[in-house]
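What follows is one structure encoded as structure tokens, with my remarks underneath.
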Protein chains: 2
Amino acid sequence: MAMIGSAETGQPTINDVAAHAGVSKKTVSRVINGSPLLTDATRAKVKQSIEALGFVPNPQARALAFGRNFMIVLLHDNPNAQTVLNFQSGILQAIGNTDLALAVRPVDRSSPAMLDDIREFLEKQRPLGVLLLPPISENDDIARLCTAQGVRYVRVGSAVLDDADHCVASNDREMVAAACRSLIAAGHRSIGFVRGPAGFRSALERETGFRDAIAEAGIRHDPALVFQGNYRFRSGQDAGRALLAVTPPPTAILASNDEMAAGLLYVALERGIKVPQELSIIGFDDSPTASHIWPALSTVRWPILEMGELAARKLVRDFLPGEDKADLPVTLNSTFIERDSVAPPQPSRT
Amino acid sequence: MAMIGSAETGQPTINDVAAHAGVSKKTVSRVINGSPLLTDATRAKVKQSIEALGFVPNPQARALAFGRNFMIVLLHDNPNAQTVLNFQSGILQAIGNTDLALAVRPVDRSSPAMLDDIREFLEKQRPLGVLLLPPISENDDIARLCTAQGVRYVRVGSAVLDDADHCVASNDREMVAAACRSLIAAGHRSIGFVRGPAGFRSALERETGFRDAIAEAGIRHDPALVFQGNYRFRSGQDAGRALLAVTPPPTAILASNDEMAAGLLYVALERGIKVPQELSIIGFDDSPTASHIWPALSTVRWPILEMGELAARKLVRDFLPGEDKADLPVTLNSTFIERDSVAPPQPSRT
DNA sequence: CTTGCAAATGACACCGGTTTCCCTTACACC
DNA sequence: GGTGTAAGGGAAACCGGTGTCATTTGCAAG
């Protein structure tokens, strides 16, 4: 490894501050870390020296003595860029001006070496904690690995996946039910559903919400109207082709995410089917896509930024002096957003 | 700051390896860092001990001795999530299994404290280097700040912004010209242009490409057909309303990015204007939106992932043993992608 | 004016590497 | 065999903080 710059950055060290203030370095350390065992006078004196010298504690040295890097890691394999980035924004909002850095590490769920890769990364970087975004947040092995490595973690999911300290959840089931109810209220009785991939908790929760709502309305569940997608645009197109081929076709389709809803819409427009007059569509996520396609999609806004902030706060609350140790919520509520992709079914078709 | 886990992680240290191999810790250090001054026998013996003990050098300790954290930072204020995430993917591809971590740090270009914030962050984290995404990559003050702090940097832009070691660029001007030529070749003579925000280099480059192409074809430049947007969907809608109100309206519109192109398309569909029969549209970026709207947008694929990888390689090539020190390119080429949003103008309108 | 005890502060080792400097070796040459 | 040179290897200092534990200080009680 080659040399870069100079080790002596000219930055004042804790020793300089100690000398300047006429105290021991340990006392300076106490001031930095907000120890309560200090005279106000001493604290003030040291703070003044820190100001005067422009001292910034060296994070590497702190990390060495502390045994962990002042870093939290976002582990994810979520394909939706907007989701990941919004979540990042939430985290950054929570850690704001602290000494913490946010590192990102995508993982490959399909690789058999995934756990080893994560272990290696955690050993090399020794972060304070990790944040897990779905779908890998649903993997219990990773949570166990973190515990074994002494790394904190918080999992984000569409349902409660862990205890309150290690989990942030949204109420997907309830919100999909609400969205579905709005279709029923508009008069729809034949409603298609595009579910997410098998094995995903979010897919299960959302489908359960759909079934809750139709059961509640006394609508018989028709398996032919449920299509299994994979959260991708293309699978939404496939769903559209499949569901519109059913006789009679559904008058409304609920998709488990916006990308698939966009795929549905694409197929409808391609075939000259008018949305929402001839077909109502609802998505999930409130991704930019939802409002950027025509007609704008009714959807469920998933509070991903807020979840990121909450998850990060749970992770770091013991390290940040200002944070109150009060209980933080586990579940954050989504909102149903009505736009232009829903209308009552056409009489001729009912 | 509270205590977490245990400092003694049970990990073997360099001392354990030294004892196991029967050499001094310095010799082990030499092996780790690939010093050439060692007997092959010694090297082999130490490597064997490292294997046997499963030794992983503690990054904090290395960082302390080294003076910098083994971390590179992505500084960005780019609003496009897909762009940022693709760039991240490229970086991660380049740093792969090395000891380096990728941290992300969004900045607020509109804040007067931006430079101070960045300075503070660099002082606190002391990363190896930073990667700058447009539009802040165009800010020379940040580059100067990095140099002053002894932090390496690489800037990414739509044009060459710095010397070869500190810059990765795309050929936007050329590609927009190519896209525009395809419209001209289809028969369009009245072409609208939606430019990016004032002060953005990318906006300037792309507009220049547009003007190159129409000048080349002998088409008079009509200021009424140029609308200034801000790269957002909504400004694309505004552009659509403005440009379609011109008499006669353009038969084709070139937008400086896909989001604005999507806004144009939205307005056209809303008004019942058929795309591409009555209006051709071309975007720029090849964001997922471009292929997820109907009709799918012709666009220019911006090699953002590849740029991320290249930029990261430039940044770290002196640190990674395997990297050849050969010259890396500065400019990466984009590709024009034809989809379904372009058709010849309708005869009645020409 | 002691004594006692808790609060405030300091001395020093330590975290786990790298660097400096010096001492062995090994070998070539005279 | 003696000596010069260069390479290999080790002891100790160092990077800049934090933890432990002993010591000093301040103040109330006796």
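Predicted, not measured: the structure shown is a model, and the values here were computed from it. The chains referred to below are lettered A, B, ... by the order of the sequence lines, with proteins before strands, and numbering in each begins at 1.
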With sugar-phosphate meaning primed atoms plus P, OP1 and OP2, does A/Val23 contact a base, only sugar-phosphate, or nothing at under 4.0 Å between heavy atoms? sugar-phosphate

A/Leu37 atom CG is separated from C/dG10 atom P, nearest whole Å, by 13 Å

Give a yes or no on whether a salt bridge exists between A/Lys47 and A/Glu51, defined as a side-chain N under 4.0 angstrom from a carboxylate O. no

Whole-Å gap separating P (C/dT18) and CG (B/Asp99): 11 Å

Is any side-chain N or O of B/Thr42 closer than 4.0 Å to OP1 or OP2 of D/dG9? yes

Would you say A/Ser24 reaches C/dA11's phosphate, i.e. side-chain N/O to OP1/OP2 under 4.0 Å? no

What is the separation between atom CG on B/Asp40 and atom C1' on D/dG9, rounded to the nearest whole Å? 15 Å

Can you find a side chain N or O atom of B/Ser29 that sits less than 4.0 Å from OP1 or OP2 on C/dT19? no

Would you indicate, yes or no, if D/dT18 has its OP1 or OP2 atom less than 4.0 angstrom from a side-chain nitrogen or oxygen of A/Asn33? yes

B/Thr39 side chain N/O closer than 4.0 Å to the phosphate oxygens (OP1, OP2) of D/dG9? yes

Expressed as a whole number of angstroms, how long is the span from A/Asn69:CG to C/dG17:P? 13 Å

So what is the end-to-end bend of the helix from C/dC1-D/dG30 to C/dC30-D/dG1, with 5 pairs used at each end and the value given to 10 degrees? 50°

Does a salt bridge link A/Arg155 with A/Asp163, judged by any charged N lying under 4.0 Å from a carboxylate O? no

Is there a donor on the side chain of B/Arg30 or the base of D/dG10 sitting less than 3.5 Å from an acceptor on the other? yes

Look at the side chain of B/Lys25 against the base of C/dG16 and say whether a donor-acceptor pair falls under 3.5 Å; ignore hydrogens and angles. no

Are the side chains of B/Val130 and B/Ile72 in touch, meaning some heavy atoms are under 4.5 Å apart? no

What's the spacing between A/Cys146 SG and A/Leu132 CG if we round to 0.5 Å? 6.0 Å

Passing candidate, side chain to side chain donor-acceptor pair (under 3.5 Å) with B/Asp165, options B/Arg317, B/Lys314, B/Arg152: B/Arg317

Taking atom P of C/dC15 as reference, at what distance in whole Å does atom CZ of A/Arg126 sit? 13 Å

State, with a plain yes or no, whether a side-chain heavy atom of A/Leu74 is found less than 4.5 Å away from one of A/Gln88. yes

Does one side chain, of B/Asn33 or B/Arg62, offer a donor that lies under 3.5 Å from an acceptor on the other? yes

Of A/Lys26 and A/Pro36, whose nearest nucleotide on DNA chain C comes first from the 5' end? A/Pro36

How many Å lie between CG on A/Leu38 and P on D/dT25, as a whole number? 17 Å

Distance check needed: D/dT18 C1' versus A/Phe66 CZ, whole Å only. 10 Å

Output the rounded distance in Å from CZ (A/Arg68) to C1' (C/dG16). 15 Å

Give me the atom names and distance for the closest heavy-atom approach of A/Leu133 to A/Asp77. O-OD1, 4.5 Å

Looking at D/dG16, D/dG10, C/dT18, which one has an atom nearest to any side-chain atom of B/Leu64? D/dG16

